2 protein chains.
Amino acid sequence: MTVTLADVAARAQVSPATVSRVLNGNYPVAASTRERVLRAVDELDYVLNGPASALAAATSDLVGILVNDIADPFFGIMAGAIQSEIGGPGGRAGGERLGVVCNTGGSPERELTYLTLLQRQRAAAVVLTGGAVEDAPHQAAMAAKLRKLADAGTRIVLCGRPPSPETGAIALTFDNRGGGKELTEHLIGLGHRRLGYIAGPEERTTTRHRLEGHRAALAAHGIEEDPRWTVHGRYDRRSGYEATLELLRRDPSLTAVVAANDSVALGACAALRDSGLRIPDDVSVAGFDDLPFSIDAVPALTTVRLPLAEAGARAGRIAMGREEPPPGGIATVRGELMVRGSSGAPRG
Amino acid sequence: MTVTLADVAARAQVSPATVSRVLNGNYPVAASTRERVLRAVDELDYVLNGPASALAAATSDLVGILVNDIADPFFGIMAGAIQSEIGGPGGRAGGERLGVVCNTGGSPERELTYLTLLQRQRAAAVVLTGGAVEDAPHQAAMAAKLRKLADAGTRIVLCGRPPSPETGAIALTFDNRGGGKELTEHLIGLGHRRLGYIAGPEERTTTRHRLEGHRAALAAHGIEEDPRWTVHGRYDRRSGYEATLELLRRDPSLTAVVAANDSVALGACAALRDSGLRIPDDVSVAGFDDLPFSIDAVPALTTVRLPLAEAGARAGRIAMGREEPPPGGIATVRGELMVRGSSGAPRG
DNA sequence: ACTTGGATAGAAAGCGCTTGCTGCAACGCT
DNA sequence: AGCGTTGCAGCAAGCGCTTTCTATCCAAGT
């Protein structure tokens, strides 16, 4: 049926053990023998049986990448960067690993299930990207699962997610709080005093941190926040559109709208325009992440750039054991304020 | 060390065979026994060893999803839809499969390598999304690889990619040619006679088909095309920006720019604006795909909507054997012209 | 010339699971 | 009462690889 190691061995007139060693390159094999084996492999078009070798070697070459929403470039960019470092194809030869990205859709259950699936596959490493859900039971379950994975030898890396002290996982965290604060301070510096905030879904670390940064900026400048100025929604444009309309309804005198991310900001822009308001003359808008399309908004979006690709690449390297983890296993990745046309001084 | 089937069997006082059967649910087991086993599984926190079971059963629960660019929502949307149908988490219990998306970056070698990796893992199915590279040797290599995978029992589905007759793979193809034609006809109908075209990378089916549609429309209306009106580039905004500048340099009298996709169109819009031209008053712009952000361009982008999520979902179901393949194994998915603000009658 | 040791290659014992086949009650039939 | 069924459970033989341990060969050491 399918070609096996034994077939190759027979053809190359060596033992299966030798073929295995040639293929793994972890044991001295005479050059002439090696060549004979490789020729046989080629002639028979042999492909190693992954499951069998994983079973025997008790290690697999799978690396899992968990993302909240694969259709969102925020995750796509990170996943792409991680995967390209994982090696798989494109990486240097040798450790050819299969970087697989799994889309949780932001659902806690799916997150856990994927982790189990990866555990079942005995994944070599797992990278979790983006914010975490802040539900206590779920966090406990996650921590337990991660610990179990780690105990089984799976390397765990968090990319753009807060540290999980209990699990000892390496974490590259985005400084969402700092970025949010800086962004709002920029707006305050421009003269804004009544700022609406469109937050992401509740019970999410990213949502909370960005909002905290926003509020910290307000507090630092003695601006008392009106509870009506905050609306929660999803991380998509539609949600931004609706939330903006709601914000405008609650307080038409707002002079700025800060969005949880760029997609939401785009929706906000659309809603403002549809309401006959000009940006930034009537209302300033700010996003977060600086995804590629943000610069194409009209006017271009003021936002906080997160080095997604760089962070992803680093996370990938750490997951592969090709880069030293940061001291303490935790590193904070800062964002950079990008001031563009969507923010300006308020009227009057 | 780690818990094995045998441990569970011992604890439940049954044979390993029985545990396996309970877990797979493909053999009658007395209810009381089943319950005892499940309790033991739970108590020991047992997780099946994937490689071992794949080896023994000669089947795996991996399903590969190949995409050209994971950071591009075009692929992200399809991949998400496919993955959610693959089941994995979220799907109904039972056939819990791991849908893994692999990012080829549009590179032929990586595409092939991923296929080999999936073959090595004995993937249950593989879905290839998006356009194919039109290099003859590579196509032959791909066909051979796909055939081999198919022979090994892996189901192959092409989503948004032209059929590959040699391989007998199921194909859900986008009607890029038809969409391109319709789009350009819309522009011609508006009165445009000098249309620039920003094509995607050469040697790509998607690029060629869209361009052919564009040219067919021109030909059908007796418009002779100036070779200077076509520029090739990548499928990203940057490329669209540069190509537009080039187009303008070559022929400043163009009244419309048709882009290979929405991202490119966005770049085109930016270039036009930066050149002091208004859209659509001075120059009309059209994209392709209708990605979520297209409606947020200012003015909103005229484009062709491709039912990415629907097609992906269907491809996923077919890959899982949960839906009948289309008759003949090939289905054409049409796009829908979305006329919006970025296209209008030319000046004068 | 004889021992020693380095360099290769082979034999064989699993890795943890699945599954065809066998075993054995309890059951219903004539 | 005798016997074929039916329903469950266990035995044991692998699945295709890796890896430890052993065997062999030859160059070098004394």
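Model, not experiment: these values are computed from the prediction. To find a chain, count down the sequence lines: A is the first, B the second, and so on, and within it residues start at 1.
Side-chain N/O atoms of Gln121(A) and Asp61(B) include a donor and acceptor closer than 3.5 Å. Remark: the Thr113(A) side chain and the Thr116(A) side chain contain no N/O donor-acceptor pair separated by less than 3.5 Å.
Residue contacts shown for Val19(B) are absent, as no nucleic acid heavy atom lies under 4.0 Å away.
For Arg34(B) and Arg122(B), each mapped to the nucleotide of DNA chain D holding its nearest heavy atom, the one lying further toward the 5' end belongs to Arg34(B).
Contacts with DNA chain D (heavy atom under 4.0 Å) in residues 21-32 of chain A: Arg21(A), Asn24(A), Asn26(A), listed by number. For residues 50-63 of chain B, proximity to DNA chain D is found at Leu55(B), Ala56(B), defined as any non-hydrogen atom under 4.0 angstrom from a strand atom.
Rounded to 10°, the angle separating the first-five-pair axis and the last-five-pair axis of the helix from dA1(C)-dT30(D) to dT30(C)-dA1(D) equals 40°.
For Asp45(B), the salt bridge (Lys or Arg N to Asp or Glu O under 4.0 Å) partners are Lys148(A), not counting sequence neighbours. For Ser107(B), the side-chain hydrogen bond (donor to acceptor under 3.5 Å, both in side chains) partners are Glu109(B), not counting sequence neighbours.
Screening Leu158(B), Val101(B), Leu118(B) against Leu66(B) for a side-chain contact (heavy atoms from CB on, under 4.5 Å) leaves a single residue, Leu118(B).
When side chains are defined from C-beta on, Leu5(A) counts as touching Ser20(A), because their heavy atoms get closer than 4.5 Å. At a threshold of 4.5 Å between non-hydrogen side-chain atoms, the residues His138(B) and Leu112(B) count as touching. Using a 4.5 Å cut-off on side-chain heavy atoms (C-beta onward), Pro51(B) and Arg122(A) make contact. With a 4.5 Å cut-off on side-chain heavy atoms, Val3(A) and Val8(A) count as touching.
First and last contacting nucleotides of DNA chain C toward chain A (any atom under 4.0 angstrom from a heavy atom, 5' to 3' order): dT8(C) to dG16(C).
In this structure, CG on Asp69(A) lies 11.0 Å from CZ on Phe74(A), to the nearest 0.5 angstrom.
Between Arg314(B) and Glu85(B), no side-chain nitrogen of the basic residue sits less than 4.0 Å from a carboxylate oxygen of the acidic one, so the salt-bridge criterion is not met. A salt bridge links Arg11(A) to Glu43(A): at least one charged side-chain nitrogen sits closer than 4.0 Å to a carboxylate oxygen.
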Please step through salt bridge (charged side-chain N to carboxylate O under 4.0 Å, His left out) for the pair Arg161(B) and Glu134(B), ending with a clear verdict.
CA-CA 12 Å; Arg161(B) 173 176 299 222; Glu134(B) 294 204 292; over 6 Å; no

